[in-house]
Amino acid sequence: MSQLLLEIFSEEIPARMQQGAARDLERMASDRLKAAGLTWDALTSYAGPRRLTLVIDGLPAATPDRNEELKGPKTSAPAQALEGFLRKTGLTQDQLVERDGVWFAQISSKGRATTEVVAESVDDIIRHFPWPKSMRWGTGTLRWVRPIKRILALFDGAVIPFEVDGIQSGDVTEGHRFMGAGQPFGVTDFADYRTKLERNFVLLDAADRKLRILEGARAVCAAKGLALVDDDGLLDEVSGLAEWPTPILGDMDPQFLALPPEVVQLSMKVHQKYFAVREPGKDGLAPHFVVVANVEATDGGQALAAGNAKVLSARLSDAEFFWTEDQKVGFDAWNAKLKDVTFHAKLGTLAERVDRIAALAREIAPLVGADPAQAEQAARLSKADLASGMVGEFPELQGIMGGYYARLAGQPDAVADAIRDHYKPQGPGDTVPTAPVTVAVAMAEKLDTLVGFFAIDEKPTGSKDPYALRRAALGVIRLVLENGVRAPMTAVLTDGLTKLWYQKWSEPVTRLADLEVAEDYGELSTEESSELAALKAADVVMSDPKGYSVEDSAKVCSDLLSFFADRLTVLLRDKGQRHDLVAAVFALGDDDLVRIVRRVEALAAFLATDDGANLLAGYKRAAQLLKAEEKKGLLPEGAVATGLPNQPAEETALAFAAAAAASAVDAALEAEDFAAAMTALARLRAPVDAFFTAVMVNSDVAEERENRLKLLVQVRGVMNRVADFGQIAG
């Protein structure tokens with residue numbers, strides 16, 4: 001077994017594309033080699049600023065011989081079918097074998113040298129590589145992210161000879177652009193390749209580059225009694241910018257610490273790729289930064305640090321200008337600008353969206369223990385900073401800057417905090433707000449998004465979710481669950497829809513009515529006649545917006561509740577819960593997410609016991625019997641009789657147990673004591689087992705059979721008060 005080493009060496013690859021490129025190289029090589037019949041022991045890909053590398057261990061010297069039989073058309077098939085089969089196989093009719101009235105082709109082929117397969121595969125991979133952006137250079141037709149300089153291709157230490165658009169393969173690569181030996185060098189295998197790269201100041205593995213950056217940055221900070229502000233996203237990016245990363249500590253003008261720390265840190269990160277620094281035990285940032293150079297400077301990096309400090313000062317001066325100018329403008333002017341900003345063509349302007357969020361936040365506030373007036377005020381100010389200069393420069397600071405400006409404007413802390421955090425949680429790793437006013441505004445913001453886009457039928461489809469509705473639904477669910485919000489989702493969604501419909505239709509409807517009255521009196525101007533025609537053409541014909549919204553709201557609410565059920569299923573599945581249990585509880589029609597989760601947890605614990613597993617099996621058996629009767633339309637109704645002549649004791653015992661369980665389950669559910677409800681169901685396990693062991697349900701005596709079916713209906717009904725056991729697997 002041999003080793004394949006492939007390197008595609010080019011000009012600088014953008015850092016954001018490197019990880020994806022490594023995955024694509026691995027995938028494309030795997031697909032092509034597998035299609036040729038090759039297997040291997042290990043395959044690893046690497047990506048860096050100037051090279052993509054692939055190493056495969058355990059490849060055979062050749063593909064296996066292939067012997068296969070292909071089934072063709074029947075001997076009685078039309079001549080065209082036989083001709084097509086012959087073209088496919090490359091054989092003649094006398095080479096086919098007839099068996100049971102069907103033509104078969106015996107195809108045999110000798111294995112090919114692995115080097116041939118690799119040469120063809122590399123050419124195909126390079127020509128079809130899925131770069132987000134690519135370019136052509138010189139007079140060639142090849143496209144790559146940046147001009148390719150070399151292709152290194154070795155199999156078992158020997159060069160695989162091929163060329164791609166005039167670029168000849170070889171056994172030569174290059175080290176660091178500035179610190180390397182200055183000349184290309186040859187390699188024999190992966191171990192030799194990796195060792196020589198490191199001697200020439202190139203770290204091949206991104207993980208090694210990250211470790212060098214992290215350890216070096218912490219060391220230069222510790223030497224000055226400082227601490228690095230960790231930033232995993234920036235670390236990923238910077239590791240793709242330098243082949244031999246060398247962290248250097250620089251000094252920042254302390255005057256810029258008057259800016260919000262988020263502004264300083266983001267300016268460093270976005271524009272300069274610097275890490276922020278802090279003083280241990282203190283809030284805020286220190287007047288320093290860490291820049292990652294791609295060289296080891298002879299002066300210890302002093303000149304590099306000074307030059308980068310000048311550039312950073314220029315950037316922060318811009319931020320300081322926006323910070324100062326924004327404070328001269330204020331929320332009223334910003335909110336006025338939102339009237340001219342379209343949120344969505346079918347959902348109106350940002351100002352209209354703010355009105356909806358504010359009204360909804362006021363309604364939600366009592367449910368989360370928030371002050372309604374503060375919730376409404378925070379919502380009305382929540383989007384204003386989108387029109388500020390700072391957020392225009394740094395969109396990532398939306399909400400955060402609004403919180404700062406609200407405090408400077410004298411708003412209460414609860415309002416400022418709600419403005420700052422109302423976008424949260426933005427992802428599964430984001431924190432969930434707990435302050436009541438923030439929770440109210442954050443829920444209202446996400447619910448308006450969901451309600452609006454579902455109302456205009458812009459739902460997620462497959463992997464496409466352009467408006468991040470899945471994230472919004474998950475955000476609402478986490479806000480509800482982690483804050484214990486007892487909110488009936490149907491009522492909340494309907495409230496949001498009512499506000500949307502009313503805003504959408506009330507003004508046009510009122511205007512339509514006014515214009516129709518003026519038309520009746522012959523008082524319409526030319527402009528008003530055109531406006532009336534436009535309103536009629538838009539089907540604005542309702543006299544009452546509520547009359548429009550009732551039917552549509554029911555459909556949208558139903559779709560949204562199903563959507564929430566799917567998102568809750570995903571969330572609970574990630575926590576180890578079974579998806580069928582969520583479906584079984586949702587089937588009851590409950591829309592209190594906190595109660596649903598508690599019921600799912602209790603149900604999961606119950607089914608994990610012997611009593612739960614066996615009772616579920618008994619339920620399935622009873623359900624099968626009842627299903628057969630339901631198909632016939634013969635399922636009996638009414639009370640179960642006891643004390644009948646010759647009635648088995650097991651039947652009587654189950655009847656009394658089911659009645660007792662029904663009372664206990666109802667009381668437990670009323671108290672939301674789901675563990676007690678499961679305990680009540682557990683008492684049915686023994687009577688159900690005994691009943692199915694000793695009693696024949698389909699008795700020849702009609703009265704006995706009817707009574708026993710009624711008993712099974714009663715048992716099923718009791719269990720289905722807790723969950724729809726019919727949707728539970730097992």
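Every value quoted in this text rests on a predicted model; they were computed, and no experiment measured them. Basis for what follows: all heavy atoms, side chains included, without hydrogens, waters or symmetry-related copies.
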*Asks:* Just so I know, are the side chains of Pro130 and Met28 near enough to count as touching, which here means a heavy-atom distance under 4.5 Å?
*Replies:* yes

*Asks:* Are more than 12 heavy atoms, taken from residues, nucleotides or ligands other than Asp100, located less than 6.0 Å from that residue's CG atom?
*Replies:* no

*Asks:* Salt bridge between Glu352 and Arg356, side-chain N to carboxylate O under 4.0 Å?
*Replies:* no

*Asks:* Any side-chain heavy-atom pair from Leu33 and Thr39 closer than 4.5 angstrom?
*Replies:* no

*Asks:* Less than 4.5 Å apart, side chain to side chain, heavy atoms only: is that true for Phe586 and Asp591?
*Replies:* no

*Asks:* Listed by chain and number, what are the side chain to side chain contact (heavy atoms under 4.5 Å, CB included) partners of Ala655, not counting sequence neighbours?
*Replies:* Val640, Thr642, Leu711

*Asks:* Is NZ or CZ of Arg353 both nearer than 6.0 Å to the six-membered ring centre of Phe343 and within 45° of the ring axis?
*Replies:* yes

*Asks:* Can you name the residues that form a side chain to side chain contact (heavy atoms under 4.5 Å, CB included) with Pro428, not counting sequence neighbours?
*Replies:* none

*Asks:* Side chains of His422 and Lys446: do they bring a donor and an acceptor to under 3.5 Å?
*Replies:* no

*Asks:* When you look at Glu672 and Arg599, which way does the salt bridge (Lys or Arg N to Asp or Glu O under 4.0 Å) test go after all the steps?
*Replies:* CA-CA 9 Å; Glu672 295 191 9; Arg599 195 181 292 226; over 6 Å; no

*Asks:* Taking only residues at least two apart or on different chains, which pairs with a member in residues 452-466 satisfy side-chain hydrogen bond (donor to acceptor under 3.5 Å, both in side chains)?
*Replies:* Lys459-Asp559

*Asks:* Among pairs that include at least one residue of residues 469-478, which meet side-chain hydrogen bond (donor to acceptor under 3.5 Å, both in side chains), considering only residues two or more places apart or in two chains?
*Replies:* Arg478-Glu482

*Asks:* Can you name the closest pair of heavy atoms from Ala440 and Ile364 and give their distance?
*Replies:* CA-CG2, 4.1 Å

*Asks:* Hey, what do you get for OG (Ser45) to CD1 (Ile56), rounding to the nearest 0.5 Å?
*Replies:* 10.0 Å

*Asks:* Does a side-chain heavy-atom distance below 4.5 Å link Arg486 with Leu367?
*Replies:* no

*Asks:* Under a 3.5 Å cutoff, is there a donor and acceptor pairing between the side chains of Asp421 and Thr438?
*Replies:* no

*Asks:* Looking at side-chain heavy atoms only, is the closest gap between Thr609 and Met678 below 4.5 Å?
*Replies:* no

*Asks:* Using modelled atom types and a 3.5 Å cut-off, is there a donor and acceptor pairing between side-chain atoms of Glu26 and backbone atoms of Ala22?
*Replies:* no

*Asks:* Mind listing the closest non-hydrogen atom pair of Ala723 and Val585 along with its distance?
*Replies:* CB-CG2, 4.3 Å

*Asks:* Looking at residues at least two apart in the chain, or sitting in another chain, which of them share a side chain to side chain contact (heavy atoms under 4.5 Å, CB included) with Ala416?
*Replies:* Ala406, Arg407

*Asks:* Using the side chain to side chain contact (heavy atoms under 4.5 Å, CB included) rule, pick out the option among Leu571, Leu572, Leu568 that qualifies with Gln577.
*Replies:* Leu572

*Asks:* Is it true that, when you exclude His579 itself, more than 12 heavy atoms of the residues, nucleotides or ligands shown sit nearer than 6.0 Å to its NE2?
*Replies:* no

*Asks:* Could you label the plane-to-plane angle of the Tyr619 and Phe725 rings as parallel, tilted or perpendicular, counting under 30° as parallel and over 60° as perpendicular?
*Replies:* tilted

*Asks:* If only atom types and distance count, is the side chain of Asn483 paired as donor or acceptor with the main-chain N or O of Pro433 below 3.5 Å?
*Replies:* yes

*Asks:* With sequence neighbours excluded, what pairs up with Asp666 under the side chain to side chain contact (heavy atoms under 4.5 Å, CB included) test?
*Replies:* Arg721

*Asks:* Would you say the side-chain atoms of Tyr423 and Asp430 include a donor-acceptor pair closer than 3.5 Å?
*Replies:* no

*Asks:* Just wondering, do Glu650 and Thr693 contact through their side chains at under 4.5 Å, heavy atoms?
*Replies:* no

*Asks:* Between Thr679 and Phe606, is there a side-chain heavy-atom distance shorter than 4.5 Å?
*Replies:* no

*Asks:* Can you confirm if the NZ or CZ of Arg598 lies within 45° of the ring axis of Phe674 and under 6.0 Å from the centre of its six-membered ring?
*Replies:* no

*Asks:* Return yes if a side-chain donor-acceptor contact under 3.5 Å exists between Asn646 and Glu704, otherwise no.
*Replies:* no

*Asks:* Determine yes or no for a side-chain-to-main-chain donor-acceptor pair under 3.5 angstrom, with Glu670 supplying the side chain and Ala667 the backbone.
*Replies:* no

*Asks:* If every non-hydrogen atom of Ala622 is compared with every non-hydrogen atom of Leu712, which pair is closest and at what distance?
*Replies:* CB-CD2, 4.0 Å

*Asks:* Is any side-chain heavy atom of Val485 less than 4.5 Å from a side-chain heavy atom of Leu479?
*Replies:* no

